[in-house]
Amino acid sequence: MDDLALDDHVSDYVKSALALQGYRLDEPAVSEIVAQFVRIHAIAMGMLAAPIDPAIEPVPSFVASSIP
Amino acid sequence: MTPTIAEINQQVRSGERSALAVLEETLTRIHERNPRLNAFTAVTETRARLEASAVDARRARGETLGPLAGVPYAVKNLFDVEGMSTLAGGRINAGNDVATQDASVVARLREVGAVLVGTLNMDEHAYGFTTENTYYGATRNPHDATCVAGGSSGGSGAAVAAGMVPLTLGTDTNGSIRVPASLCGVFGLKPSFGRLPRRGAFPFAGSLDHVGPLAAHARDLAAAYDAMQGPDDSDPSCRQRPIEPTLDTIAARPDGARIAVLGGYFERCAGAQARAAVNQAARALGATAHVELPGVDAARAAAFILTAAEGGALHRERLIDRYDEFEPLSRDRLVAGSLVPANWVVQALRIRQQFFKQVMALFETYDLLLAAATPIAAAPIGAEWLELDGQSLPLRPSMGLLTQPISFIGLPVCVAPIWPAAGSRPDLPLGVQLIAAPWRENVCLAAAHALEAEGVAEFRVAN
(Lines give C-alpha, C1' and ligand atoms only; values in the text may rest on other atoms or scores of the structure.)
Protein backbone atom coordinates (compact mmCIF):
# COMPACT_ATOMS: atom_id res chain seq x y z
CA MET A 1 0.00 0.00 0.00
CA ASP A 2 1.48 3.38 -0.93
CA ASP A 3 1.62 6.26 1.54
CA LEU A 4 -1.23 8.13 -0.05
CA ALA A 5 -3.58 5.17 0.15
CA LEU A 6 -2.52 4.52 3.75
CA ASP A 7 -3.20 8.14 4.70
CA ASP A 8 -6.67 7.82 3.17
CA HIS A 9 -7.34 4.67 5.18
CA VAL A 10 -6.16 6.33 8.39
CA SER A 11 -8.30 9.37 7.65
CA ASP A 12 -11.33 7.17 7.00
CA TYR A 13 -10.68 5.24 10.21
CA VAL A 14 -10.34 8.40 12.31
CA LYS A 15 -13.50 9.95 10.91
CA SER A 16 -15.48 6.76 11.49
CA ALA A 17 -14.09 6.26 14.98
CA LEU A 18 -14.82 9.89 15.91
CA ALA A 19 -18.42 9.45 14.86
CA LEU A 20 -18.68 6.10 16.66
CA GLN A 21 -17.33 7.60 19.89
CA GLY A 22 -19.76 10.50 19.71
CA TYR A 23 -17.43 13.37 18.80
CA ARG A 24 -18.89 16.26 16.83
CA LEU A 25 -15.93 18.36 15.71
CA ASP A 26 -15.38 20.85 12.92
CA GLU A 27 -13.23 20.04 9.93
CA PRO A 28 -10.04 21.84 11.09
CA ALA A 29 -10.13 19.89 14.35
CA VAL A 30 -10.72 16.62 12.53
CA SER A 31 -7.78 17.34 10.22
CA GLU A 32 -5.52 17.96 13.19
CA ILE A 33 -6.70 14.76 14.89
CA VAL A 34 -6.06 12.82 11.68
CA ALA A 35 -2.51 14.23 11.65
CA GLN A 36 -2.02 13.18 15.26
CA PHE A 37 -3.35 9.73 14.55
CA VAL A 38 -1.05 9.32 11.55
CA ARG A 39 1.83 9.83 13.96
CA ILE A 40 0.39 7.41 16.52
CA HIS A 41 -0.17 4.90 13.74
CA ALA A 42 3.45 5.17 12.57
CA ILE A 43 4.69 4.55 16.11
CA ALA A 44 2.28 1.65 16.58
CA MET A 45 3.50 -0.04 13.40
CA GLY A 46 7.00 -0.33 14.84
CA MET A 47 5.57 -1.85 18.00
CA LEU A 48 3.33 -4.29 16.17
CA ALA A 49 6.27 -5.53 14.11
CA ALA A 50 8.41 -6.22 17.19
CA PRO A 51 9.23 -9.89 17.78
CA ILE A 52 7.47 -11.14 20.89
CA ASP A 53 7.32 -14.42 22.74
CA PRO A 54 3.82 -15.81 22.00
CA ALA A 55 3.59 -17.11 25.56
CA ILE A 56 3.66 -13.62 27.02
CA GLU A 57 0.29 -12.49 28.31
CA PRO A 58 -1.05 -8.93 28.03
CA VAL A 59 -1.44 -8.46 31.77
CA PRO A 60 -2.16 -4.84 32.63
CA SER A 61 0.69 -4.30 35.06
CA PHE A 62 4.20 -5.70 35.24
CA VAL A 63 5.08 -7.90 38.20
CA ALA A 64 7.71 -6.17 40.27
CA SER A 65 6.48 -7.61 43.54
CA SER A 66 8.61 -10.71 43.05
CA ILE A 67 11.72 -8.65 43.71
CA PRO A 68 12.48 -8.93 47.43
CA MET B 1 24.40 27.33 49.40
CA THR B 2 20.72 26.52 49.83
CA PRO B 3 20.05 25.05 53.28
CA THR B 4 19.14 21.40 53.29
CA ILE B 5 15.93 20.04 54.72
CA ALA B 6 17.91 18.67 57.66
CA GLU B 7 19.43 22.10 58.33
CA ILE B 8 16.06 23.85 58.25
CA ASN B 9 14.58 21.15 60.45
CA GLN B 10 17.46 21.44 62.91
CA GLN B 11 17.12 25.21 63.09
CA VAL B 12 13.41 24.89 63.85
CA ARG B 13 13.93 22.10 66.37
CA SER B 14 16.64 24.03 68.20
CA GLY B 15 14.70 27.26 68.20
CA GLU B 16 17.37 29.06 66.20
CA ARG B 17 14.57 30.04 63.81
CA SER B 18 10.85 29.56 64.16
CA ALA B 19 8.86 27.77 61.48
CA LEU B 20 7.01 31.04 60.95
CA ALA B 21 10.27 32.89 60.34
CA VAL B 22 11.34 30.26 57.82
CA LEU B 23 7.95 30.61 56.16
CA GLU B 24 8.06 34.41 55.94
CA GLU B 25 11.50 34.28 54.31
CA THR B 26 10.16 31.68 51.88
CA LEU B 27 7.12 33.77 50.99
CA THR B 28 9.35 36.79 50.39
CA ARG B 29 11.49 34.78 47.97
CA ILE B 30 8.41 33.49 46.18
CA HIS B 31 6.95 36.97 45.79
CA GLU B 32 10.29 38.29 44.52
CA ARG B 33 11.14 35.51 42.09
CA ASN B 34 7.92 33.93 40.92
CA PRO B 35 6.64 36.81 38.76
CA ARG B 36 9.61 36.30 36.39
CA LEU B 37 9.31 32.51 36.30
CA ASN B 38 5.61 31.64 36.68
CA ALA B 39 6.28 28.49 38.68
CA PHE B 40 3.43 28.95 41.18
CA THR B 41 -0.24 29.01 40.26
CA ALA B 42 -1.32 29.61 43.86
CA VAL B 43 0.43 30.58 47.08
CA THR B 44 -1.29 29.07 50.11
CA GLU B 45 -0.25 31.70 52.63
CA THR B 46 -3.12 31.23 55.07
CA ARG B 47 -2.71 27.48 55.28
CA ALA B 48 1.08 27.82 55.45
CA ARG B 49 0.89 30.19 58.40
CA LEU B 50 -1.45 27.82 60.22
CA GLU B 51 0.87 24.86 59.61
CA ALA B 52 4.00 26.80 60.60
CA SER B 53 2.29 28.11 63.73
CA ALA B 54 1.27 24.57 64.63
CA VAL B 55 4.89 23.46 64.37
CA ASP B 56 6.03 26.32 66.59
CA ALA B 57 3.26 25.56 69.09
CA ARG B 58 4.30 21.91 69.29
CA ARG B 59 7.88 22.95 69.95
CA ALA B 60 6.72 25.39 72.62
CA ARG B 61 4.86 22.52 74.33
CA GLY B 62 8.01 20.43 74.30
CA GLU B 63 6.64 17.90 71.81
CA THR B 64 8.88 15.99 69.44
CA LEU B 65 8.89 17.51 65.98
CA GLY B 66 8.76 15.51 62.79
CA PRO B 67 11.74 15.14 60.43
CA LEU B 68 10.38 17.77 58.05
CA ALA B 69 9.05 20.16 60.69
CA GLY B 70 9.12 23.72 59.41
CA VAL B 71 10.29 22.75 55.92
CA PRO B 72 8.43 24.72 53.24
CA TYR B 73 7.37 22.83 50.13
CA ALA B 74 5.01 23.14 47.18
CA VAL B 75 3.16 20.67 44.98
CA LYS B 76 2.32 20.30 41.32
CA ASN B 77 -1.25 21.54 40.97
CA LEU B 78 -2.63 18.08 40.24
CA PHE B 79 -2.39 17.09 43.91
CA ASP B 80 -5.51 17.55 46.00
CA VAL B 81 -5.14 20.28 48.57
CA GLU B 82 -8.06 20.50 50.95
CA GLY B 83 -10.23 23.50 50.15
CA MET B 84 -8.87 24.08 46.64
CA SER B 85 -10.03 22.95 43.21
CA THR B 86 -7.44 20.61 41.73
CA LEU B 87 -6.43 22.20 38.43
CA ALA B 88 -4.16 19.53 36.95
CA GLY B 89 -2.98 22.37 34.73
CA GLY B 90 -6.43 22.76 33.20
CA ARG B 91 -8.64 25.80 33.12
CA ILE B 92 -11.37 23.30 32.44
CA ASN B 93 -10.96 22.07 36.03
CA ALA B 94 -10.96 25.49 37.67
CA GLY B 95 -14.66 25.28 38.51
CA ASN B 96 -14.52 21.77 39.94
CA ASP B 97 -15.57 21.12 43.51
CA VAL B 98 -12.83 21.82 46.01
CA ALA B 99 -10.94 18.86 47.44
CA THR B 100 -12.33 17.68 50.74
CA GLN B 101 -9.01 16.25 51.89
CA ASP B 102 -5.34 16.39 51.00
CA ALA B 103 -3.76 13.88 48.65
CA SER B 104 -2.13 11.02 50.57
CA VAL B 105 1.41 12.28 50.07
CA VAL B 106 0.46 15.84 51.07
CA ALA B 107 -1.18 14.47 54.21
CA ARG B 108 1.94 12.46 55.02
CA LEU B 109 4.20 15.50 54.64
CA ARG B 110 1.84 17.51 56.84
CA GLU B 111 2.06 14.80 59.50
CA VAL B 112 5.84 15.19 59.71
CA GLY B 113 5.61 18.96 59.99
CA ALA B 114 6.23 20.18 56.43
CA VAL B 115 4.59 23.48 55.51
CA LEU B 116 2.70 23.68 52.22
CA VAL B 117 3.28 27.08 50.58
CA GLY B 118 1.59 26.65 47.22
CA THR B 119 0.69 24.81 44.08
CA LEU B 120 2.74 24.72 40.90
CA ASN B 121 2.29 25.10 37.18
CA MET B 122 2.30 22.13 34.81
CA ASP B 123 1.34 20.99 31.33
CA GLU B 124 -2.41 20.47 31.21
CA HIS B 125 -3.33 17.02 32.50
CA ALA B 126 0.41 16.22 32.56
CA TYR B 127 0.45 15.66 28.80
CA GLY B 128 3.66 17.47 27.88
CA PHE B 129 7.36 17.86 28.61
CA THR B 130 7.72 21.66 28.50
CA THR B 131 5.12 23.35 30.78
CA GLU B 132 4.01 25.69 28.05
CA ASN B 133 0.50 26.08 29.35
CA THR B 134 -1.80 28.13 27.12
CA TYR B 135 -4.07 29.22 29.96
CA TYR B 136 -1.65 29.57 32.89
CA GLY B 137 1.41 30.61 30.89
CA ALA B 138 4.77 28.97 30.38
CA THR B 139 6.98 28.30 33.36
CA ARG B 140 10.38 29.78 32.63
CA ASN B 141 13.69 28.10 33.33
CA PRO B 142 15.41 29.89 36.22
CA HIS B 143 18.82 29.43 34.54
CA ASP B 144 17.62 31.12 31.35
CA ALA B 145 14.17 32.64 31.44
CA THR B 146 13.83 32.41 27.66
CA CYS B 147 13.91 28.62 27.93
CA VAL B 148 11.43 26.00 29.08
CA ALA B 149 11.62 24.49 32.55
CA GLY B 150 10.68 21.04 31.27
CA GLY B 151 7.49 19.25 32.11
CA SER B 152 5.06 18.24 32.95
CA SER B 153 6.18 19.09 36.51
CA GLY B 154 7.84 22.29 35.27
CA GLY B 155 6.73 24.46 38.15
CA SER B 156 8.12 21.85 40.54
CA GLY B 157 11.54 22.00 38.88
CA ALA B 158 11.67 25.77 38.56
CA ALA B 159 10.54 26.48 42.14
CA VAL B 160 13.46 24.46 43.51
CA ALA B 161 15.98 25.72 40.95
CA ALA B 162 15.16 29.33 41.79
CA GLY B 163 15.62 28.70 45.50
CA MET B 164 11.99 29.51 46.25
CA VAL B 165 11.47 26.24 48.15
CA PRO B 166 13.83 23.37 48.97
CA LEU B 167 11.31 20.67 48.10
CA THR B 168 8.46 20.09 45.68
CA LEU B 169 6.31 17.18 44.61
CA GLY B 170 5.68 16.14 41.03
CA THR B 171 4.37 13.22 39.07
CA ASP B 172 6.04 11.16 36.38
CA THR B 173 4.17 9.13 33.77
CA ASN B 174 6.80 9.14 31.03
CA GLY B 175 9.42 11.46 32.48
CA SER B 176 7.54 14.36 34.04
CA ILE B 177 9.73 14.51 37.16
CA ARG B 178 12.98 13.60 35.41
CA VAL B 179 12.71 15.99 32.46
CA PRO B 180 12.21 19.17 34.55
CA ALA B 181 14.82 17.97 37.05
CA SER B 182 17.26 17.65 34.16
CA LEU B 183 16.48 20.99 32.55
CA CYS B 184 16.31 22.94 35.82
CA GLY B 185 19.39 21.36 37.42
CA VAL B 186 17.76 19.83 40.49
CA PHE B 187 17.58 16.35 41.95
CA GLY B 188 14.47 14.29 41.26
CA LEU B 189 13.24 10.86 42.28
CA LYS B 190 10.74 8.71 40.43
CA PRO B 191 10.26 5.78 42.79
CA SER B 192 9.24 2.25 41.80
CA PHE B 193 5.74 1.96 40.38
CA GLY B 194 3.40 1.37 43.29
CA ARG B 195 5.77 2.66 45.95
CA LEU B 196 4.13 5.97 46.87
CA PRO B 197 0.37 6.37 47.18
CA ARG B 198 -1.41 8.24 44.40
CA ARG B 199 -4.75 8.89 46.10
CA GLY B 200 -5.66 12.49 45.47
CA ALA B 201 -3.28 12.89 42.53
CA PHE B 202 -5.16 13.69 39.32
CA PRO B 203 -4.43 10.72 37.03
CA PHE B 204 -3.04 10.74 33.51
CA ALA B 205 -2.29 7.12 32.54
CA GLY B 206 -3.05 4.86 35.46
CA SER B 207 -0.67 2.04 34.58
CA LEU B 208 2.24 4.47 34.27
CA ASP B 209 1.67 7.24 36.83
CA HIS B 210 4.18 7.76 39.64
CA VAL B 211 4.46 10.34 42.42
CA GLY B 212 7.83 11.67 43.62
CA PRO B 213 9.89 14.56 45.02
CA LEU B 214 12.23 17.14 43.49
CA ALA B 215 14.79 18.85 45.70
CA ALA B 216 18.05 20.75 45.89
CA HIS B 217 20.03 17.87 47.39
CA ALA B 218 19.99 14.08 47.26
CA ARG B 219 19.57 13.93 51.04
CA ASP B 220 16.47 16.09 50.75
CA LEU B 221 14.95 13.70 48.25
CA ALA B 222 15.58 10.82 50.62
CA ALA B 223 14.09 12.65 53.61
CA ALA B 224 10.91 13.50 51.74
CA TYR B 225 10.67 10.10 50.10
CA ASP B 226 11.04 8.31 53.43
CA ALA B 227 8.27 10.44 54.92
CA MET B 228 5.88 9.57 52.09
CA GLN B 229 6.45 5.80 51.99
CA GLY B 230 4.12 3.13 53.29
CA PRO B 231 1.01 1.23 52.23
CA ASP B 232 -2.20 3.13 51.62
CA ASP B 233 -5.41 1.15 51.63
CA SER B 234 -7.17 3.94 49.76
CA ASP B 235 -4.90 3.44 46.73
CA PRO B 236 -5.14 0.05 45.00
CA SER B 237 -1.98 0.77 43.01
CA CYS B 238 0.11 1.26 46.15
CA ARG B 239 1.92 -1.93 47.10
CA GLN B 240 1.69 -3.31 50.59
CA ARG B 241 5.40 -2.93 51.26
CA PRO B 242 6.82 -1.80 54.56
CA ILE B 243 8.67 1.49 54.79
CA GLU B 244 12.26 0.99 53.65
CA PRO B 245 14.17 4.07 54.86
CA THR B 246 16.90 5.44 52.62
CA LEU B 247 18.23 8.52 54.40
CA ASP B 248 20.23 6.62 57.00
CA THR B 249 22.19 4.70 54.37
CA ILE B 250 22.49 7.32 51.67
CA ALA B 251 26.08 8.17 52.52
CA ALA B 252 27.25 4.58 52.07
CA ARG B 253 29.56 4.78 49.06
CA PRO B 254 28.35 2.60 46.21
CA ASP B 255 31.81 1.00 46.05
CA GLY B 256 31.51 -2.46 44.64
CA ALA B 257 28.23 -1.64 42.98
CA ARG B 258 28.06 -3.06 39.50
CA ILE B 259 27.32 -0.08 37.29
CA ALA B 260 26.85 0.11 33.54
CA VAL B 261 26.15 2.87 31.05
CA LEU B 262 23.20 2.31 28.73
CA GLY B 263 24.31 2.39 25.11
CA GLY B 264 22.59 1.86 21.77
CA TYR B 265 19.25 3.67 21.81
CA PHE B 266 20.29 5.75 24.82
CA GLU B 267 23.41 7.00 23.05
CA ARG B 268 21.64 7.59 19.76
CA CYS B 269 18.98 9.70 21.47
CA ALA B 270 21.48 11.76 23.46
CA GLY B 271 23.05 14.95 22.14
CA ALA B 272 26.64 15.99 22.82
CA GLN B 273 25.86 17.62 26.15
CA ALA B 274 23.84 14.63 27.32
CA ARG B 275 26.62 12.22 26.44
CA ALA B 276 29.14 14.41 28.23
CA ALA B 277 26.96 14.45 31.35
CA VAL B 278 26.73 10.65 31.36
CA ASN B 279 30.48 10.33 30.86
CA GLN B 280 31.15 12.57 33.85
CA ALA B 281 28.83 10.57 36.08
CA ALA B 282 30.21 7.26 34.81
CA ARG B 283 33.80 8.30 35.53
CA ALA B 284 32.92 9.42 39.03
CA LEU B 285 31.06 6.20 39.79
CA GLY B 286 33.68 3.97 38.17
CA ALA B 287 31.30 2.63 35.54
CA THR B 288 33.17 1.22 32.56
CA ALA B 289 30.71 -1.32 31.14
CA HIS B 290 28.27 -0.42 28.38
CA VAL B 291 25.10 -2.42 27.88
CA GLU B 292 22.02 -2.20 25.71
CA LEU B 293 18.44 -2.74 26.73
CA PRO B 294 16.94 -5.26 24.32
CA GLY B 295 13.79 -4.14 22.56
CA VAL B 296 13.95 -0.59 23.84
CA ASP B 297 12.59 0.98 20.63
CA ALA B 298 9.49 -1.19 20.83
CA ALA B 299 9.20 -0.45 24.55
CA ARG B 300 9.22 3.28 23.95
CA ALA B 301 6.61 2.87 21.22
CA ALA B 302 4.45 0.72 23.49
CA ALA B 303 4.69 3.29 26.29
CA PHE B 304 3.57 5.93 23.81
CA ILE B 305 0.57 3.86 22.73
CA LEU B 306 -0.49 3.03 26.29
CA THR B 307 -0.20 6.67 27.33
CA ALA B 308 -2.28 7.80 24.37
CA ALA B 309 -4.93 5.17 24.95
CA GLU B 310 -5.20 5.58 28.73
CA GLY B 311 -5.09 9.37 28.62
CA GLY B 312 -7.59 9.52 25.79
CA ALA B 313 -9.97 7.15 27.56
CA LEU B 314 -9.72 9.14 30.79
CA HIS B 315 -10.81 12.39 29.16
CA ARG B 316 -13.03 11.09 26.35
CA GLU B 317 -16.34 12.09 27.85
CA ARG B 318 -15.32 15.68 28.50
CA LEU B 319 -13.52 15.91 25.16
CA ILE B 320 -16.81 15.11 23.48
CA ASP B 321 -18.70 17.78 25.42
CA ARG B 322 -16.07 20.44 26.11
CA TYR B 323 -13.35 20.03 23.49
CA ASP B 324 -12.83 23.79 23.10
CA GLU B 325 -11.96 24.19 26.79
CA PHE B 326 -9.00 21.81 26.66
CA GLU B 327 -5.40 22.86 26.12
CA PRO B 328 -4.90 23.44 22.38
CA LEU B 329 -1.39 21.98 22.59
CA SER B 330 -2.63 18.54 23.69
CA ARG B 331 -6.37 18.14 23.07
CA ASP B 332 -5.97 16.68 19.59
CA ARG B 333 -3.44 14.13 20.88
CA LEU B 334 -5.92 13.18 23.59
CA VAL B 335 -8.76 12.75 21.12
CA ALA B 336 -6.53 10.72 18.79
CA GLY B 337 -5.50 8.57 21.75
CA SER B 338 -9.12 7.81 22.52
CA LEU B 339 -9.38 6.19 19.08
CA VAL B 340 -6.48 3.73 19.55
CA PRO B 341 -7.71 0.20 18.70
CA ALA B 342 -7.71 -2.40 21.45
CA ASN B 343 -5.31 -4.77 19.70
CA TRP B 344 -2.59 -2.08 19.81
CA VAL B 345 -3.11 -1.76 23.55
CA VAL B 346 -2.93 -5.54 23.98
CA GLN B 347 0.31 -5.64 22.02
CA ALA B 348 1.73 -2.80 24.13
CA LEU B 349 0.90 -4.72 27.30
CA ARG B 350 2.63 -7.83 25.98
CA ILE B 351 5.69 -5.81 25.02
CA ARG B 352 5.77 -4.39 28.54
CA GLN B 353 5.88 -7.89 30.01
CA GLN B 354 8.60 -8.98 27.66
CA PHE B 355 10.68 -5.84 28.17
CA PHE B 356 10.33 -6.12 31.93
CA LYS B 357 11.63 -9.71 31.90
CA GLN B 358 14.56 -8.78 29.68
CA VAL B 359 15.57 -5.83 31.81
CA MET B 360 15.24 -7.83 35.02
CA ALA B 361 17.76 -10.27 33.60
CA LEU B 362 20.17 -7.35 33.19
CA PHE B 363 19.85 -6.52 36.88
CA GLU B 364 21.30 -9.94 37.70
CA THR B 365 24.57 -8.54 36.38
CA TYR B 366 24.27 -4.85 37.28
CA ASP B 367 22.96 -2.88 40.24
CA LEU B 368 22.75 0.49 38.57
CA LEU B 369 22.32 1.73 35.01
CA LEU B 370 23.19 5.22 33.77
CA ALA B 371 21.61 7.23 30.98
CA ALA B 372 21.00 10.88 30.24
CA ALA B 373 17.61 12.20 31.34
CA THR B 374 16.99 14.43 28.33
CA PRO B 375 18.43 14.45 24.80
CA ILE B 376 19.36 18.13 25.10
CA ALA B 377 19.44 20.91 27.68
CA ALA B 378 16.57 23.40 27.99
CA ALA B 379 15.27 24.64 24.64
CA PRO B 380 13.78 28.08 23.98
CA ILE B 381 10.11 28.52 24.84
CA GLY B 382 8.07 27.97 21.70
CA ALA B 383 10.68 25.83 19.95
CA GLU B 384 9.06 23.13 17.82
CA TRP B 385 12.00 21.00 16.71
CA LEU B 386 15.21 19.56 18.04
CA GLU B 387 18.16 18.30 16.02
CA LEU B 388 19.45 14.92 17.12
CA ASP B 389 21.94 12.71 15.36
CA GLY B 390 21.29 14.53 12.09
CA GLN B 391 17.52 14.17 12.43
CA SER B 392 14.93 16.83 13.05
CA LEU B 393 12.43 15.62 15.67
CA PRO B 394 9.32 17.24 17.19
CA LEU B 395 10.69 18.76 20.37
CA ARG B 396 7.83 18.42 22.83
CA PRO B 397 7.35 14.63 22.72
CA SER B 398 11.04 13.95 22.06
CA MET B 399 12.16 15.38 25.40
CA GLY B 400 10.91 12.10 26.89
CA LEU B 401 12.81 9.77 24.57
CA LEU B 402 15.26 8.73 27.29
CA THR B 403 12.88 8.57 30.22
CA GLN B 404 9.87 6.87 28.66
CA PRO B 405 11.27 3.32 28.34
CA ILE B 406 12.37 3.33 32.00
CA SER B 407 9.09 4.39 33.59
CA PHE B 408 7.28 2.03 31.23
CA ILE B 409 8.37 -0.82 33.51
CA GLY B 410 8.27 1.17 36.73
CA LEU B 411 11.95 1.15 37.61
CA PRO B 412 13.12 3.56 40.33
CA VAL B 413 15.22 6.42 38.96
CA CYS B 414 17.03 9.31 40.55
CA VAL B 415 18.09 12.25 38.39
CA ALA B 416 21.28 14.02 39.40
CA PRO B 417 22.05 17.47 37.93
CA ILE B 418 25.30 17.66 35.97
CA TRP B 419 26.90 20.78 34.44
CA PRO B 420 28.89 19.27 31.59
CA ALA B 421 29.93 22.60 29.99
CA ALA B 422 29.51 21.01 26.57
CA GLY B 423 27.19 21.14 23.60
CA SER B 424 25.33 24.15 22.29
CA ARG B 425 24.34 25.42 25.75
CA PRO B 426 27.34 24.80 28.00
CA ASP B 427 25.86 27.18 30.58
CA LEU B 428 22.85 24.96 31.26
CA PRO B 429 22.49 21.79 33.35
CA LEU B 430 21.48 18.37 32.14
CA GLY B 431 20.50 15.47 34.38
CA VAL B 432 21.68 11.89 34.46
CA GLN B 433 19.30 9.05 35.25
CA LEU B 434 20.52 6.62 37.93
CA ILE B 435 18.34 3.56 37.37
CA ALA B 436 17.98 0.59 39.71
CA ALA B 437 15.94 -2.61 40.00
CA PRO B 438 12.41 -2.33 41.42
CA TRP B 439 12.27 -1.32 45.10
CA ARG B 440 15.96 -0.32 45.10
CA GLU B 441 15.46 3.40 45.53
CA ASN B 442 18.27 3.25 48.09
CA VAL B 443 20.72 2.37 45.30
CA CYS B 444 19.66 5.32 43.13
CA LEU B 445 19.77 7.76 46.01
CA ALA B 446 23.18 6.58 47.24
CA ALA B 447 24.61 7.04 43.76
CA ALA B 448 23.10 10.53 43.51
CA HIS B 449 24.52 11.41 46.90
CA ALA B 450 27.95 10.08 45.90
CA LEU B 451 27.93 12.25 42.78
CA GLU B 452 26.92 15.26 44.84
CA ALA B 453 29.55 14.56 47.51
CA GLU B 454 32.24 14.47 44.81
CA GLY B 455 31.00 17.71 43.28
CA VAL B 456 30.07 16.02 40.00
CA ALA B 457 26.37 16.58 40.54
CA GLU B 458 25.55 19.98 41.88
CA PHE B 459 22.56 22.15 42.65
CA ARG B 460 23.26 25.76 41.66
CA VAL B 461 20.58 28.15 42.77
CA ALA B 462 19.59 30.45 39.93
CA ASN B 463 19.46 34.13 40.76
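Quick note on labels: first sequence line is chain A, next is B, and so on, each numbered from 1. These numbers come from the heavy atoms of this one structure, side chains and all, not from hydrogens, waters or symmetry mates. Being a predicted model, the structure only gives us computed values, none of them experimental.
- Residues A:Arg24 and B:Tyr323 have side chains not in contact (no heavy-atom distance under 4.5 Å, counting atoms from C-beta outward).
- Contacts between B:Ala308 and chain A at a heavy-atom distance below 4.5 Å involve the side chain alone, from C-beta outward.
- The two atoms that bring A:Ala44 and B:Ile305 nearest to each other are CB-CD1, 3.7 Å, heavy atoms only.
- From A:Asp26, atom CG reaches atom CG of B:Asp324 across 7.5 Å, with rounding to the nearest 0.5 Å.
- Within the 4.5 angstrom heavy-atom criterion, no atom of B:Ala299 approaches chain A.
- Considering CG of A:Asp53 and NZ of B:Lys357, their distance stands at 6.5 Å, rounded to 0.5 Å.
- The two atoms that bring B:Gln354 and A:Pro51 nearest to each other are NE2-O, 3.0 Å, heavy atoms only.
- Between A:Tyr13 and B:Leu339, the shortest heavy-atom contact is OH-O, 2.6 Å.
- Looking at B:Ser338, both its backbone and its side chain come within 4.5 Å of chain A, counting heavy atoms on both sides.
- Counting heavy-atom pairs under 4.5 Å between each of B:Asp297, B:Val346, B:Leu208, B:Asp332 and chain A puts B:Asp332 at the top.
- With a threshold of 4.5 angstrom between heavy atoms, B:Leu306 does not approach chain A through any atom at all.
- Contact check for A:Ile52 versus B:Gln347: side-chain heavy atoms found under the 4.5 Å cut-off.
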Atom pairs and distances, side-chain donor-acceptor, residues 27-34 of chain A, under 3.5 Å, sequence neighbours left out:
| residue | atom | partner | partner atom | Å |
| --- | --- | --- | --- | --- |
| A:Glu27 | OE2 | A:Ser31 | OG | 3.3 |
| A:Ser31 | OG | A:Glu27 | O | 3.1 |
| A:Glu32 | OE2 | A:Gln36 | NE2 | 3.4 |

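- The parts of B:Val340 that come within reach of chain A are both its backbone and its side chain, each placing non-hydrogen atoms under 4.5 angstrom from that chain.
- Side chains of A:Glu57 and B:Gln353 form no contact here, defined as non-hydrogen atoms less than 4.5 Å apart.
- The heavy-atom pair separating A:Pro58 from B:Leu349 by the smallest distance is O-CD1, 3.4 Å.
- With chain A as partner, the option from B:Ala348, B:Gly194, B:Gly337, B:Gly206 having the largest number of non-hydrogen pairs under 4.5 angstrom is B:Ala348.
- Counting all heavy atoms, side chain and backbone alike, B:Pro394 lies closest to A:Arg39 at CG-NE, 4.4 Å.
- Applying the side-chain hydrogen bond (donor to acceptor under 3.5 Å, both in side chains) rule to B:Arg322 yields the partners B:Glu325; only residues at least two apart in sequence or on another chain are considered.
- Note: B:Trp344 and A:His41 have tilted aromatic rings, judged against thresholds of 30 and 60 degrees for the angle between ring planes.
- The two residues A:Met47 and B:Ala298 make their nearest non-hydrogen contact at CG-O, 4.3 Å.
- Within the 4.5 Å cutoff, side-chain heavy atoms of A:Ile40 are placed close to those of B:Phe304.
- Annotation: maximal heavy-atom pairing with chain B below 4.5 Å, among A:Val14, A:Ile43, A:Leu18, occurs at A:Ile43.
- In this structure, no portion of B:Arg331 lies under 4.5 Å from any heavy atom of chain A.
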